[in-house]
Amino acid sequence: MAILTDFHLHTTFSGDGESTMEEMIQKAISLGLTHVCFTEHHDIDYVYSDDLKPGCFEVNADSYLYDLLKLRAKYQDQIKVMFGIELGLQPHLKKELAVYSKSHDFDFIIGSTHICNRKDPYYPAFFEGRSEDEAHHEYFESVLESIKKLPYFDVYGHLDYVVRYGPTKNDNYTYEKHKDVFDKILKALLEEEKGLELNTGGFHYGLGQPNPCMDILKRYRELGGEIITVGSDAHNIANIAHSFDKACDILKEAGFKYYTIFEGRTPEFFKL
């Protein structure tokens, strides 16, 4: 496996995490990984449904960091453990996210859109009463707005996350249908000197593609994009480094020669 760093991991510090941090580290070591970055959810003003405990997607960063530092020291001779966060981006949270992004010495910040115009695409209601294309387009326009207003992250996570949960998933989804907004998104990332994530969770969700899809990855590279991290989006030990061999092949096919990790919010490049 050419990619030995997983830069998108969730533990029981996230409301949907299933494995402890130590369990995740031990599994990563067994897989031969050299680096892991935990990126616990922090979604300020998340819209909680009845099946979720309010606040479960707002991590206690002090407790999280306390455990991470202990485990970093314990396993320092076997793997490098990085301190990250996944910020939920919503355009009205400019002040809150600006403050939070500087509240700790994070190694890495993923910016993601989990709530689009006060709705979560995880739930069927996001798609009801309109076509999937219309729902997708609303989501991508929201992504663009957030990138322009909220530059408090290092890479944008799972760019076409919305297609995981639609009635037909990505069966009828193509890059071409939303090419105009995708180009605006990718150019905005480049203008802000932000990177993109290849998230292998798409394979876990049965899409047969990562998030974002191959065509977006190719277009990002065509436009000059070089900063690209690789993350499994694992919420349990079973999915750490999921489909990383495929990810390596995809990056090479898309024109990348390197992938990226972050330490102290600074990118480092590893040869594929």
Side-chain angles (χ1 to χ4, degrees), residues 8 10 14-18 39 41 43 45-52 56-57 86-91 110-147 150 153 155-186 188-189 196-220 230-236 238-239 242-243 246-247 250 254:
H8 192 147
H10 298 282
S14 290
D16 51 0
E18 299 170 13
T39 53
H41 287 296
D43 270 79
D45 200 25
Y46 183 85
V47 181
Y48 289 96
S49 58
D50 292 340
D51 61 332
L52 292 171
C56 70
F57 291 136
E86 182 177 14
L87 286 185
L89 304 182
Q90 297 187 65
I110 299 174
S112 297
T113 297
H114 298 121
I115 296 293
C116 170
N117 298 324
R118 311 304 296 149
K119 295 170 287 185
D120 187 343
Y122 179 83
Y123 295 100
F126 183 79
F127 297 89
E128 290 173 356
R130 55 181 172 166
S131 70
E132 278 183 289
D133 288 346
E134 290 170 330
H136 291 165
H137 194 77
E138 180 189 354
Y139 179 86
F140 298 136
E141 289 286 357
S142 175
V143 168
L144 177 60
E145 183 182 7
S146 289
I147 290 172
L150 308 169
F153 62 92
V155 305
Y156 191 86
H158 46 52
L159 174 57
D160 54 7
Y161 162 90
V162 66
V163 305
R164 291 181 181 179
Y165 305 112
T168 67
K169 294 194 173 183
N170 64 338
D171 288 349
N172 301 303
Y173 158 73
T174 66
Y175 160 79
E176 290 295 332
K177 287 182 178 180
H178 309 281
K179 183 176 180 178
D180 289 349
V181 68
F182 282 141
D183 270 11
K184 292 176 183 176
I185 287 170
L186 298 176
L189 288 174
L196 189 64
E197 176 193 46
L198 187 159
N199 185 304
T200 61
F203 292 107
H204 174 67
Y205 283 92
L207 303 181
Q209 289 259 13
N211 297 114
C213 65
M214 170 65 91
D215 287 340
I216 294 175
L217 295 170
K218 284 183 175 179
R219 182 59 176 154
Y220 174 64
V230 181
S232 65
D233 209 350
H235 289 66
N236 55 54
N239 289 319
H242 187 281
S243 298
K246 292 179 182 177
I250 286 168

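Side chains included, hydrogens not; waters and symmetry mates left out as well; all remaining heavy atoms used.
- In this structure His137 satisfies the ring-ring contact (aromatic ring centres under 6.0 Å, His included) test together with His178, sequence neighbours excluded.
- For the atom pair CZ of Arg219 and CD1 of Ile185, the computed distance is 13.0 Å after rounding to the nearest 0.5 Å.
- With sequence neighbours left out, the side-chain hydrogen bond (donor to acceptor under 3.5 Å, both in side chains) criterion links Gln209 to no other residue.
- The minimum heavy-atom distance linking Ile147 with Ala188 is given by the pair CG2-CB, 3.8 Å.
- Between Asn211 and Val163, the closest side-chain pair of non-hydrogen atoms falls below 4.5 Å.
- Checking side-chain atoms of Ser131 against main-chain N and O of Glu134 turns up a donor-acceptor pair under 3.5 Å.
- Of the inter-residue distances, the one linking Leu196 atom CG with Leu159 atom CG reads 6.0 Å to the nearest 0.5 angstrom.
- Within a 6.0 Å radius of CG in Asp51, more than 12 heavy atoms belonging to other residues, nucleotides or ligands are found.
- By the ring-ring contact (aromatic ring centres under 6.0 Å, His included) test, Phe182 is found to be paired with Phe140, Tyr175, residues two or more places apart in sequence or in another chain being considered.
- The salt bridge (Lys or Arg N to Asp or Glu O under 4.0 Å) pairs that include a residue from residues 112-131 are Asp45-Arg118, Lys119-Glu138, Arg130-Glu138, where partners are two or more places apart or lie in different chains.
- Without hydrogens or angle criteria, Glu132 side chain to Thr168 main chain gives a donor-acceptor distance under 3.5 Å.
- Under the rule for a salt bridge (Lys or Arg N to Asp or Glu O under 4.0 Å), Asp171 has no partner lying at least two apart in sequence or in another chain.
- Applying the salt bridge (Lys or Arg N to Asp or Glu O under 4.0 Å) criterion to Lys184, with sequence neighbours excluded, gives no partner residue.
- In terms of modelled atom types and a separation under 3.5 Å, the side chain of His10 and the main chain of Ala234 share no donor-acceptor contact.
- Asp160 contributes a side-chain N or O that, together with a main-chain N or O of Cys213, makes up a donor-acceptor pair within less than 3.5 Å.
- Side chain of Ser14 to main chain of His41: a donor-acceptor pair is present (N/O by atom type, distance under 3.5 Å, no hydrogens or angles).
- Applying the side-chain hydrogen bond (donor to acceptor under 3.5 Å, both in side chains) rule to Lys177 yields the partners Asp133; only residues at least two apart in sequence or on another chain are considered.
- Under the ring-ring contact (aromatic ring centres under 6.0 Å, His included) criterion, Phe127 pairs with no residue at all, not counting sequence neighbours.
- Within the 3.5 Å criterion, the main-chain N or O of Thr200 finds no donor-acceptor partner in the side chain of Ser243.
- Taking CG from Leu89 and CD1 from Ile110, the interatomic distance works out to 11.0 Å, rounded to the nearest 0.5 Å.
- Without hydrogens or angle criteria, Lys246 side chain to Pro210 main chain gives no donor-acceptor distance under 3.5 Å.
- Residues passing the salt bridge (Lys or Arg N to Asp or Glu O under 4.0 Å) test with Asp16, sequence neighbours excluded: none.
- The distance from the CG atom of Leu186 to the NZ atom of Lys179 is 11.5 Å, given to the nearest 0.5 Å.
- Using a 4.5 Å heavy-atom threshold, the side chains of Tyr173 and Leu207 count as separate.
- To the nearest 0.5 Å, atom SG of residue Cys56 and atom OH of residue Tyr48 are 5.0 Å apart.
- Lys218 pairs by the salt bridge (Lys or Arg N to Asp or Glu O under 4.0 Å) definition with Glu253, not counting sequence neighbours.
- When the side-chain hydrogen bond (donor to acceptor under 3.5 Å, both in side chains) test is applied to Thr113, the partners found at least two apart in sequence or on another chain are Tyr156.
- The ring-ring contact (aromatic ring centres under 6.0 Å, His included) search around Tyr161 returns His114, His158, Tyr165, not counting sequence neighbours.
- Across all non-hydrogen atoms, the minimal contact from Tyr205 to Lys169 is O-NZ, 2.6 Å.
- Put simply, CD on Glu197 and CG on Asp233 are 6.5 Å apart, with the number rounded to the nearest 0.5 Å.
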